[in-house]
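Taking it in order: structure first as structure tokens, then the write-up.
Nothing here was measured: the structure is a model prediction, and the numbers come from that model.
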2 protein chains.
Amino acid sequence: MATPIPSESSSPRDRLLETAAGLFYAEGIKGVGVDRILSEAGTTRATMYRHFPGKEALVAAYLEREDAIIRGYFAAAAEAGGSPTELVAAVIEGIAEDATRYHRRGCPFINAAAEYPDADGEIRQIIERHRTWFRSTLAAVLDAASVADAERVAASLVLLRDAALVGVYLDGDTVSADFRRTARSVVGLG
Amino acid sequence: MATPIPSESSSPRDRLLETAAGLFYAEGIKGVGVDRILSEAGTTRATMYRHFPGKEALVAAYLEREDAIIRGYFAAAAEAGGSPTELVAAVIEGIAEDATRYHRRGCPFINAAAEYPDADGEIRQIIERHRTWFRSTLAAVLDAASVADAERVAASLVLLRDAALVGVYLDGDTVSADFRRTARSVVGLG
DNA sequence: GTGTAGAAAGAACGTTCGTTCTACTATGGC
DNA sequence: GCCATAGTAGAACGAACGTTCTTTCTACAC
């Protein structure tokens, strides 16, 4: 099974979250029971319920964690320096690479949304916040690079990223080339 | 709740499938139990297990039904006459309209794939077949309309349709305009 | 009429679900 | 030494899961 083993030494809470995140992403949320998480994290029920009010809180923490990771990517890319145009290219490249490397089972947020129909629930609100942040951040980056109609282009890029993640999952890696080409054309990069 | 009531008169099997399809799409598959389906379809366990070996067969039938409906759309559009180019335009328009009208909760196949990680399982095979058919049918339509590089353009269109369905679900109807514009540009329609 | 099949009704199966609980142990601060 | 905290261990809860079963009733074919 080669489960991504949360290093024995880390805290139970970290192991719990890391294990849950891995399982939720790999197998879907409703398809994974707390017993699975507990046994693979090597901890017990009491410990889990000490740190999280319930399973849904674990789901929320999983998505918040995913959100934080992606924000980290952006922060790192921004700090890495380079012209605004280079940053735009780096973002597109980063999305393509992420899809084929770390997100071969699709987008965690889209997948979660498939299982959580209630648009007012906590889970969907986290998804909503993430997507809003992503779109506006993209718009800011594009605007800095003097891309015309940054808002609209950003919306298109979000669409394309969704498609790339779904496509790599269901159709294979060839999709990432399609994404790169289309995205670069949309933002006006040769 | 205003459940889409499967007309009392239809056969138990039809009511079962219709109800299950509605519930699976609206609330996710693992999130719906057979008891729910049974009570909303107004039938009993014994009847269900006479017609379907189990829940998974019901899921499979739901996706096959969805597949058949979409193939029906294509057949109808093709029979409606018109030039190949008009057919291409009609397909794009049909997708945009479908997303905002009948598939406001996203793509049934993408949503199902989120819950079924096993690529070799029956469910994922149905999804695979559907996507392959869709892409190749699109390529044929584009080729007939003398669109250059029909295969590649078809792949792009599949991507865009995925994005449109996800986008309308999570971001709202404005996405459908983005889809129309981008899709028409990709296939070379003014 | 008799026989057969499909549907309704509902009890019951064992399993798993998420959750709560008690009891015991190890750790660290005062 | 003492208390609080956080961990382990495991029993137990009621509810829901998917599935199997028996029984009764209706309808249509022969």
Side-chain angles (χ1 to χ4, degrees), chain A residues 1 3 5-63 112 114-118 121-123, chain B residues 1 3 5-63 112 114-118 121-123:
Chain A
M1 255 284 303
T3 307
I5 312 143
S7 56
E8 276 284 338
S9 58
S10 60
S11 81
R13 192 187 187 279
D14 288 349
R15 269 179 295 148
L16 230 20
L17 181 50
E18 221 171 306
T19 306
L23 288 173
F24 287 154
Y25 182 62
E27 309 188 14
I29 296 168
K30 299 254 166 72
V32 173
V34 298
D35 287 6
R36 266 293 286 303
I37 299 170
L38 259 23
S39 78
E40 295 208 12
T43 186
T44 62
R45 252 168 276 280
T47 302
M48 170 189 155
Y49 281 96
R50 193 189 315 282
H51 291 289
F52 302 93
K55 187 192 178 185
E56 178 143 335
L58 210 41
V59 176
Y62 149 58
L63 292 176
E115 299 197 63
Y116 286 84
D118 177 12
E122 186 189 5
I123 303 303
Chain B
M1 250 287 302
T3 306
I5 311 142
S7 55
E8 276 285 340
S9 58
S10 60
S11 81
R13 191 186 187 282
D14 288 349
R15 269 179 296 147
L16 230 20
L17 181 49
E18 220 170 309
T19 306
L23 287 173
F24 287 155
Y25 182 62
E27 309 189 15
I29 296 168
K30 299 254 164 74
V32 173
V34 298
D35 286 7
R36 265 294 287 302
I37 299 169
L38 259 25
S39 78
E40 296 208 13
T43 184
T44 63
R45 255 169 276 280
T47 302
M48 170 189 155
Y49 281 96
R50 190 188 322 281
H51 292 290
F52 302 93
K55 187 192 178 185
E56 179 143 334
L58 210 41
V59 177
Y62 150 57
L63 292 177
E115 300 197 65
Y116 287 84
D118 178 13
E122 186 190 4
I123 303 303

* Asked: Does A:Lys55 use its side chain to pair, donor to acceptor, with the backbone of A:Ile29 at less than 3.5 Å?
  -> yes
* Reckon A:Thr44 has a side-chain N or O less than 4.0 Å from the OP1 or OP2 of D:dG10? -> no
* Structure fact -> In short, the helix from C:dG1-D:dC30 to C:dC30-D:dG1 is bent end to end, axes from five pairs each side, to 10°, by 0°
* To do: Tell me, with the steps shown, if A:Glu122 and A:Tyr116 meet side chain to side chain contact (heavy atoms under 4.5 Å, CB included).
  => CA-CA 10 Å; A:Glu122 186 189 5; A:Tyr116 286 84; over 6 Å; no
* To do: Using whole Å, report how far CZ of A:Arg50 lies from P of C:dT22.
  => 14 Å
* **Atom pair distance, as rounded to whole Å: CZ in B:Arg13 and P in C:dA8** => 14 Å
* For the pair B:Met48 and B:Leu58, evaluate side chain to side chain contact (heavy atoms under 4.5 Å, CB included) and give the outcome as yes or no after the intermediate values. => CA-CA 9 Å; B:Met48 170 189 155; B:Leu58 210 41; 4.0 Å; yes
* **A:Thr47 vs A:Arg13, side chain to side chain contact (heavy atoms under 4.5 Å, CB included): CA-CA, chis, key distance, verdict** => CA-CA 8 Å; A:Thr47 302; A:Arg13 192 187 187 279; over 6 Å; no
* To do: Taking only the side-chain nitrogens and oxygens of A:His51, find out if one of them lies under 4.0 Å from OP1 or OP2 of D:dA6.
  => no
* Asked: Taking only side-chain nitrogens and oxygens of A:Thr43, does any of them come within less than 4.0 Å of OP1 or OP2 of D:dG7?
  -> no
* **Heavy-atom check, side chain of A:Asp118 versus side chain of B:Glu27, under 4.5 Å** => no
* Asked: In this structure, which one of A:Thr19, A:Leu16, A:Thr44 forms a side-chain contact (heavy atoms from CB on, under 4.5 Å) with A:Leu38?
  -> A:Leu16
* Sequence neighbours left out, what passes ring-ring contact (aromatic ring centres under 6.0 Å, His included) with B:Tyr25? Give chain and number order. => B:His103
* **Sugar-phosphate or base contact per nucleotide [nucleotides 13-26 of chain D; S, B, -; heavy atom under 4.0 Å]** => ----SSBBB-----
* To do: Step by step, work out the side chain to side chain contact (heavy atoms under 4.5 Å, CB included) result for A:Phe24 and A:Leu63.
  => CA-CA 10 Å; A:Phe24 287 154; A:Leu63 292 176; over 6 Å; no
